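Here's the structure we're looking at; comments come further down.
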Amino acid sequence: MAATGSEKQGGDGMKSFYVSTPIYYVNDAPHLGHAYTTVAGDVLTRWHRQRGEKVWYLTGTDEHGQKIMRTAEANDVTPQAWCDKLVEEAWKPLWEHLNIANDDFIRTTEKRHTDRVQEFVQDLYDKGEIYKGGYEGPYCVGCEEYKLPGDLIEDEDGVKLCAVHKKPVEILKEENYFFKLSDYGPKLLEFYAANPGFIQPESARNEVLNFVKQGLQDLSISRSTFDWGVPVPWDDKHVIYVWVDALLNYATAVGYGANQEKFDGTFPADVHLVGKDILRFHAVIWPAMLMAQGLPLPGKVAANGWLMVGGEKMSKSNLTGIKPQDLTSHFGVDAYRWYFLRAIAFGSDGSFSWEDFTARYTSELANDYGNLASRLAAMVGKYYGGALPGATASGEAEDAVRAGLAEAVAEADLKIGEELDFQAGILAIFDFVKQVNGYITEQEPWKVAKDESPEGRARLATILYTAAEALRGVAVLLNPVMPETSQKLWESLGAEESLGALSGQLVQEAADWGRLPAGATVTKGAVLFPRLEEKPA
């Protein structure tokens, strides 16, 4: 049985936790759907870094194929010039804007990739895994894929359409090279059975199982009707099928055929994040290719749902594409990162609306979280001149807050770090924020402050210290989700000076109570989540 991502280790005995996004087509600028997957991967990898683990986060762009070639022609430029412009002016700047901490950005037109793709395919050819043959069938340029009858729908005139892009398919007839994918159906089914968590969510797993059980057809791995691609090394009249080219980025980016030490310490991916429309490529074709080459298989392929606007999948082709900057300019980058993972269960389709974002921002971020931080800083400033008091009069109420933080840490670590249930993990953290707000409301420190007795002063100190320690834990837990805001809170609590960098705080130690020292300087900085202006026209 092939090894999976969690089983193989590099030379130093520690394999990096390796996460990838799809490499995105550069036929246009990125929209919310692309950013959704990339932010999810960023939160996941930041979370594992916050565990103290070695991490490798890969994203990039898919720059070959007929779709890119036609887009470039329509804009009267070469395909390479089109890709260069989009990558440098749209894709990379957006990931920087959204605070994406990727370790690498691979482009499939790079020599470090194309050379290794040719070597990989040549190896398969030499092993007898590839043969020459002919094929005729319906082809969707948008998907860059031959379609099966069950993949098509009809319009009102009976024209066959791609079910994903809702555009007519083209009937192509080519003499191509084929990979013996049909040989790998039984091996794949055996692997799925031995690794039930390989495909997530369960609905995606069931889809793939049903597809493979029906029998696999051999895969056309070359094209001869256009030339924008990686040349087939033994026949330069053909270029390598864009999906074979694209999938190999997960290997070439981490040193396949070039840096064995890096490859051994990183490959295979622990998590491939993909859109559900490209699930089969990653859960069927990719593992079959790896099996044929004797390489270990990924740990997990996680398919997220589609972002919907007005019931339509968000894409440029149906004009529902929205620029992420349209939202970040209004709500802020951290709120943007938080919202989509908070509002939509990862793996399910989800609808975006400006009204829902506004309501959640106001209720959960501004009122619950931001207001709690502001109130605490204001009270420590008013009653103790900004020096955090120590806790000396703890009781059941404080015990409940400590227990609540421990529960939030355990739940968030399980849900975000292991199960990729970002929504449940974030909700666990914000349920704790609500608990701390309730604690403040019940303890009424503004009334306790009127009691000048030693007992009253001790009680006030304990209430404020408890709230500050709770917020320290929240800052650590939310750092992967909202790094800029968490840093502001961390500094406001005096934690940067007393405990060191926020990035060095381990998630698993976030509930260790009493880490903030008495006397830490608490300051009231800018409001974490300012009141929203009116929605722009």
Side-chain angles (χ1 to χ4, degrees), residues 6 17 19 39-53 55 196-197 200-202 270-271 273 299-300 302 304-305 334-335 337-348 350 360 363-365 367-370 372-373 396-440 466-483 485-486 489-490 493 495 502-503 505-516:
S6 60
F17 181 74
V19 176
V39 168
D42 189 63
V43 170
L44 178 61
T45 47
R46 283 177 181 268
W47 191 274
H48 280 262
R49 287 191 187 99
Q50 202 91 37
R51 283 177 167 182
E53 298 174 20
V55 170
Q200 294 185 0
E202 188 67 21
D270 293 85
V271 180
L273 297 176
K300 186 180 298 181
N304 61 257
D334 268 11
R337 291 169 57 95
W338 167 86
Y339 171 74
F340 287 97
L341 298 181
R342 158 64 183 91
I344 299 168
F346 196 79
S348 302
R360 293 183 190 276
S363 173
E364 297 179 43
L365 294 184
N367 294 348
D368 288 348
Y369 183 28
L372 173 61
E396 290 184 4
E398 289 71 43
D399 290 344
V401 173
R402 287 196 292 270
L405 177 57
E407 291 172 8
V409 169
E411 182 72 1
D413 195 26
L414 172 66
K415 295 301 181 181
I416 296 175
E418 299 298 328
E419 298 180 0
L420 276 62
D421 188 346
F422 302 101
Q423 183 183 65
I426 291 171
L427 283 174
I429 301 168
F430 275 80
D431 282 345
F432 176 65
V433 169
K434 290 180 184 294
Q435 180 185 350
V436 180
N437 273 308
Y439 167 79
I440 293 291
T466 299
E469 262 293 89
L471 280 172
R472 174 198 57 77
V474 170
V476 174
L477 292 177
L478 286 179
N479 191 41
V481 183
M482 296 188 285
T485 304
S486 296
L489 176 58
W490 191 249
L493 294 170
L502 176 56
S503 60
Q505 309 301 310
L506 298 180
V507 163
Q508 55 269 37
E509 296 178 358
D512 291 353
W513 199 260
R515 295 178 73 87
L516 274 176

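In this text, all values refer to a predicted model and were calculated from it rather than measured experimentally.
For the atom pair CD of Gln50 and OG1 of Thr45, the computed distance is 11.5 Å after rounding to the nearest 0.5 Å. Here the straight-line distance linking atom CG of Leu427 with atom NZ of Lys415 works out to 11.0 Å at 0.5 Å rounding. Taking CG of Leu489 as the start and CG of Leu478 as the end, the distance is 9.0 Å to the nearest 0.5 Å. Atom CG of Asn304 is separated from atom CZ of Phe340 by 12.5 Å, given to the nearest 0.5 angstrom. Separation of atoms CG (Asn367) and NZ (Lys434) is listed at 9.0 Å; rounding is to 0.5 Å.
Between the side chain of Gln435 and the backbone N or O of Leu405, no donor-acceptor pair lies under 3.5 Å. Not one N or O on the side chain of Asn479 forms a donor-acceptor pair closer than 3.5 Å with the backbone of Ser486. Formation of a donor-acceptor pair under 3.5 Å by the Glu364 side chain with backbone atoms of Tyr369 is not found in this model.
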Steps toward side chain to side chain contact (heavy atoms under 4.5 Å, CB included) verdict (Val19, Asp270): CA-CA 6 Å; Val19 176; Asp270 293 85; 5.5 Å; no
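Using a 4.5 Å heavy-atom cutoff, the side chains of Trp490 and Val476 are in contact. In this structure the side chain of Val39 never reaches within 4.5 angstrom of the side chain of Tyr339, judged on heavy atoms. No side-chain heavy atom of Phe422 sits less than 4.5 Å from a side-chain heavy atom of Ile344. No side-chain heavy atom of Leu341 sits less than 4.5 Å from a side-chain heavy atom of Ile416.
Taking each heavy atom of Ala428 and Glu411 in turn, the nearest pair found is CB-CG, 3.6 Å. In this structure, Gly52 and Leu506 approach most closely via the heavy-atom pair N-CD2, 3.6 Å. Across all non-hydrogen atoms, the minimal contact from Ala412 to Gly425 is CB-O, 3.8 Å. Annotation for Asp368 and Leu372: closest pair O-CB, 3.3 Å, computed over non-hydrogen atoms. Scanning all heavy atoms of the two residues, the minimum distance from Pro201 to Gly347 falls at CG-O, 3.9 Å. Contact detail for Pro480 and Leu477: the closest heavy-atom pair is CD-O, 3.4 Å.
Tyr439 pairs by the ring pair (Phe, Tyr, Trp, His ring centres under 6.0 Å) definition with nothing, not counting sequence neighbours. Under the salt bridge (Lys or Arg N to Asp or Glu O under 4.0 Å) criterion, Asp431 pairs with no residue, sequence neighbours left out. For the side-chain hydrogen bond (donor to acceptor under 3.5 Å, both in side chains) test, residues two or more places apart in sequence or in another chain that qualify with Arg360 are Asp356. Among residues two or more places apart in sequence or in another chain, the side-chain hydrogen bond (donor to acceptor under 3.5 Å, both in side chains) test is passed with Asp413 by Trp47, Arg51. Under the side-chain hydrogen bond (donor to acceptor under 3.5 Å, both in side chains) criterion, Asp42 pairs with Arg46, Arg337, not counting sequence neighbours.
Checking each of Val481, Ile429, Ile426, Leu365 against Arg342 for a side chain to side chain contact (heavy atoms under 4.5 Å, CB included) leaves exactly one that passes, namely Ile426.
Note: His48 and Phe17 have parallel aromatic rings, judged against thresholds of 30 and 60 degrees for the angle between ring planes.
Legend: salt bridge (Lys or Arg N to Asp or Glu O under 4.0 Å) pairs involving residues 467-483, not counting sequence neighbours, sorted by first then second residue: Glu469-Arg472.
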